[in-house]
Amino acid sequence: MKRFLNCNASDFEKMNGKELVESIASSEGRVLVCETIGNLQPMLGDVSNAELAAAMGADVILLNIFDVDNPVINGLPPVDKGNLIRKVKELTGRPVGINLEPKEQGVESSVEADSMWGITGGRLGTLENARKAVDMGVDFIVLTGNPGVGVTNRAIEETLAVYRKEFGDSIVLVAGKMHAAGILSEAGEKIITREDVKLFREAGADVILMPAPGTVPGITMEYIRGLVSCAHELGALTLTAIGTSQEGSDPATIRELALMCKMTGTDMHHLGDAGYGGMALPENILEYGKVIRGVRHTYHRMAASIRR
């Protein structure tokens, strides 16, 4: 399997989920995932945030607040809604995933959610929504929760099992939380535990998502290092995530977070969507990429967005 680090757009077109996971694993911790919000005004006006993120070195584009019933990605050329994700893949040359948010019946958020994050039917982690996403061409589905939405680890685990049975190895399934998502009983070190890692893997997760060290109170490099080792022992990859608006911090902070994530042994690195709004600061995407893979491979990733 060709390692992700050396892949061009044409290589990704040939891969199923299992092959994509193997390609990521072979890159030894040098794959950068950038989250973007399509229904906000793009930073460059008539160029989508997904394209800008790819141009700065993002390896994987993750669409947040993407409603499969009413999909919107501003900044793209005119395209049928059913082909929005395929158009993003065409323009960026990157694998593309979306977040879906599974809800546990009878469980609500412990905090008030900002209206921006308010859940809609097309964002829920249902099997119907996942089928729609796969039909649209997604490569990844990430089961997680936005701020104040009220997603529990139990809901993630149960949904994972359903998705794995339905889709097999055709797509990559990522599971976990980067903050409490409104469930204060699952805050701090309880956001994800070794037991959660084990349950997510048994339910079918290819990749376990967890907070990056230094982004959530109590989450240290040593703690995440232990969870990464646990996931690897179970045969899963890991994704350390910056989902606490620190993707909009100064470059010095970004470099420090990147190095700590690298030291945990993680396979993938995530930058959230809260720079100025809709994506991480472009300069921070570039800086993070240079920390985890150096200038040569970072610029190769930037060029690979158009090479076929």
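For the numbers below, each heavy atom of this structure counts, side chains included, while hydrogens, waters and symmetry mates do not. Computed from a predicted model, the values in this text were never measured in an experiment. Residues take their numbers from the sequence shown, with the count starting at 1.
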Trainee: Under 3.5 Å, is there a donor-acceptor pair linking the side chains of T126 and E128?
Mentor: no
Trainee: Is it true that V31 and M15 fall in one hydrophobic cluster, defined by side-chain heavy atoms closer than 4.5 Å?
Mentor: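 Yes, one cluster joins them.
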Trainee: Shortest non-hydrogen contact from V88 to L76?
Mentor: CG2-CD1, 3.9 Å
Trainee: Does any donor atom in the side chain of N153 or K190 lie under 3.5 Å from an acceptor atom in the other side chain?
Mentor: no
Trainee: Do L143 and L100 come close enough that some side-chain heavy atom pair is under 4.5 Å?
Mentor: yes
Trainee: Which atom pair, heavy atoms only, marks the closest approach of L281 to S249?
Mentor: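 In this case the closest contact between L281 and S249 is CD1-O, 4.0 Å.
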Trainee: Please tabulate, for side-chain N and O atoms in residues 207-228, each donor-acceptor pair with protein atoms closer than 3.5 Å (sequence neighbours left out).
Mentor:
unit_1: T215; atom_1: OG1; unit_2: A212; atom_2: O; d: 2.6
unit_1: T220; atom_1: OG1; unit_2: Y223; atom_2: N; d: 3.1
unit_1: Y223; atom_1: OH; unit_2: E189; atom_2: O; d: 2.9
unit_1: Y223; atom_1: OH; unit_2: I192; atom_2: O; d: 2.8
unit_1: R225; atom_1: NH1; unit_2: T264; atom_2: O; d: 3.0

Trainee: Please report the closest heavy-atom contact between A241 and M178, naming both atoms and the distance.
Mentor: CB-CB, 3.7 Å
Trainee: Identify the heavy atoms of A175 and I156 that sit nearest to each other, and give their distance.
Mentor: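 Answer, listing the atom of A175 first, then I156: CB-CG2, 3.6 Å.
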Trainee: Quick one: closest heavy-atom pair of V291 and A258, and the distance?
Mentor: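 So the two residues come closest at CG1-CB, 3.5 Å.
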Trainee: Might you work through the side-chain contact (heavy atoms from CB on, under 4.5 Å) test for S26 and F4, ending with a clear yes or no?
Mentor: CA-CA 7 Å; S26 68; F4 196 110; 5.7 Å; no
Trainee: With a 4.5 Å cut-off on side-chain heavy atoms, are F66 and V72 touching?
Mentor: no
Trainee: For D169 and N16, does a side-chain donor sit closer than 3.5 Å to a side-chain acceptor?
Mentor: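 Side chains of D169 and N16: no pair found under 3.5 Å.
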Trainee: Flag the pair L160 / V162 as yes when at least one side-chain heavy-atom distance between them is below 4.5 Å, and no otherwise.
Mentor: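 Sidechains of V162 and L160: no contact.
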Trainee: Do other residues, nucleotides or ligands put more than 12 heavy atoms under 6.0 Å from E256 CD?
Mentor: no
Trainee: How about N64 and N146: does a side-chain donor come under 3.5 Å of a side-chain acceptor?
Mentor: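 Side chains of N64 and N146: pair found under 3.5 Å.
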Trainee: Measuring from D273:CG to I37:CD1, what's the distance to the nearest 0.5 Å?
Mentor: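 Atom-to-atom, D273:CG and I37:CD1 are 3.5 Å apart.
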Trainee: Counting neighbours of CZ on R154 that are heavy atoms of other residues, nucleotides or ligands and sit closer than 6.0 Å, is the number greater than 12?
Mentor: no
Trainee: Treating D135 as the side-chain partner and K132 as the backbone partner, does any N or O pair qualify as donor plus acceptor under 3.5 Å?
Mentor: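 No, because the side chain of D135 does not come within donor-acceptor range (under 3.5 Å) of the backbone of K132.
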Trainee: Between Y163 and I141, is there a side-chain heavy-atom distance shorter than 4.5 Å?
Mentor: yes
Trainee: Ignoring hydrogens and angles, state whether a donor on the side chain of N284 or E247 is under 3.5 Å from an acceptor on the partner side chain.
Mentor: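 Their side chains do not contain a donor-acceptor pair, so the 3.5 Å distance test is not met.
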Trainee: Output yes when a side-chain donor or acceptor of N129 lies under 3.5 Å from a complementary backbone atom of L124, and no otherwise.
Mentor: yes
Trainee: Answer yes or no: is there a side-chain heavy-atom contact under 4.5 Å between E283 and L286?
Mentor: no
Trainee: Would the distance check show the side chain of S48 and the main-chain N or O of N74 forming a donor-acceptor pair, the cut-off being under 3.5 Å?
Mentor: no
Trainee: Looking only at the side chains, is there a donor atom on one of N99 and T144 sitting less than 3.5 Å from an acceptor on the other?
Mentor: no
Trainee: Treat each ILVMFWY residue as a node, draw an edge where side-chain heavy atoms are under 4.5 Å apart, and state whether F167 and V68 are in one component.
Mentor: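 Yes, F167 and V68 fall within the same hydrophobic cluster.
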Trainee: How long is the straight-line distance from CD1 of I65 back to CD1 of I98, given to the nearest 0.5 Å?
Mentor: 12.5 Å
Trainee: Could you tell me which residues satisfy salt bridge (charged side-chain N to carboxylate O under 4.0 Å, His left out) with E233, sequence neighbours excluded, listed by chain and number?
Mentor: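 For E233, no residue satisfies salt bridge (charged side-chain N to carboxylate O under 4.0 Å, His left out) once neighbours in sequence are set aside.
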Trainee: Let me see the working for V172 and V174 under side-chain contact (heavy atoms from CB on, under 4.5 Å), right down to the final yes or no.
Mentor: CA-CA 7 Å; V172 180; V174 184; 4.2 Å; yes
Trainee: Nearest 0.5 Å, please: how far is CG in D11 from OG in S23?
Mentor: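 Result: 8.0 Å between the selected atoms.
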Trainee: Charged N to carboxylate O under 4.0 angstrom, E13 versus K89?
Mentor: no
Trainee: Find out whether V60 and L32 are in side-chain contact, i.e. whether some heavy atom of one side chain is under 4.5 Å from a heavy atom of the other.
Mentor: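 No, every pair of side-chain atoms sits at 4.5 Å or beyond.
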Trainee: Taking 4.0 angstrom as the limit, do R164 and D206 come out as a salt bridge?
Mentor: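 Here R164 pairs with D206 in a salt bridge, since their nearest N and O are under 4.0 Å apart.
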Trainee: Taking G235's backbone N and O only, do any of them form a donor-acceptor pair with R201's side chain (distance below 3.5 Å, no angle check)?
Mentor: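 A pair under 3.5 Å: yes.
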Trainee: Between atom OG1 of T152 and atom NZ of K103, what is the distance when rounded to the nearest 0.5 Å?
Mentor: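 Rounded to the nearest 0.5 Å, the OG1-NZ separation comes to 8.5 Å.
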Trainee: Would a 4.5 Å heavy-atom cut-off, applied to side chains only, mark L20 and D139 as touching?
Mentor: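 Side-chain contact under 4.5 Å: yes.
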Trainee: For A53, what residues pass the side chain to side chain contact (heavy atoms under 4.5 Å, CB included) criterion, not counting sequence neighbours?
Mentor: C34, T36, A58, I61, M279, I285
Trainee: Give me the one residue out of R293, H269, R30, R94 that meets side-chain hydrogen bond (donor to acceptor under 3.5 Å, both in side chains) with D59.
Mentor: R293
Trainee: Which distance, rounded to the nearest 0.5 Å, do you find between the CG of L63 and the CD of E35?
Mentor: 9.0 Å
Trainee: Mind checking whether Q246 and L271 have side chains closer than 4.5 Å, heavy atoms only?
Mentor: no
Trainee: Do T266 side-chain atoms and M268 backbone N/O form a donor-acceptor pair below 3.5 Å?
Mentor: yes
Trainee: Please say whether more than 12 non-hydrogen atoms of neighbouring residues, nucleotides or ligands are located less than 6.0 Å from NZ in K262.
Mentor: yes
Trainee: State, to 0.1 Å, how close T159 and P102 come at their nearest heavy-atom pair, and which atoms those are.
Mentor: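 That would be OG1-CB, 3.2 Å.
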Trainee: From the options I85, N83, L84, select the one residue that forms a side-chain contact (heavy atoms from CB on, under 4.5 Å) with M136.
Mentor: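 The passing option is I85.
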Trainee: Hey, could you give me the CD/NZ distance between E51 and K87, rounded to the nearest 0.5 Å?
Mentor: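 E51 CD to K87 NZ: 9.5 Å, rounded to 0.5 Å.
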Trainee: Give the intermediate values and the outcome of salt bridge (charged side-chain N to carboxylate O under 4.0 Å, His left out) for residues E166 and R131.
Mentor: CA-CA 9 Å; E166 176 75 12; R131 286 171 176 157; 3.0 Å; yes
Trainee: Would you mind checking if R123 and D67 are paired as a salt bridge, meaning a charged N to carboxylate O distance below 4.0 Å?
Mentor: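 Salt bridge between D67 and R123, a charged N being under 4.0 Å from a carboxylate O: no.
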Trainee: Verify the neighbour count for atom NZ of K198: are there more than 12 heavy atoms of other residues, nucleotides or ligands below 6.0 Å?
Mentor: no
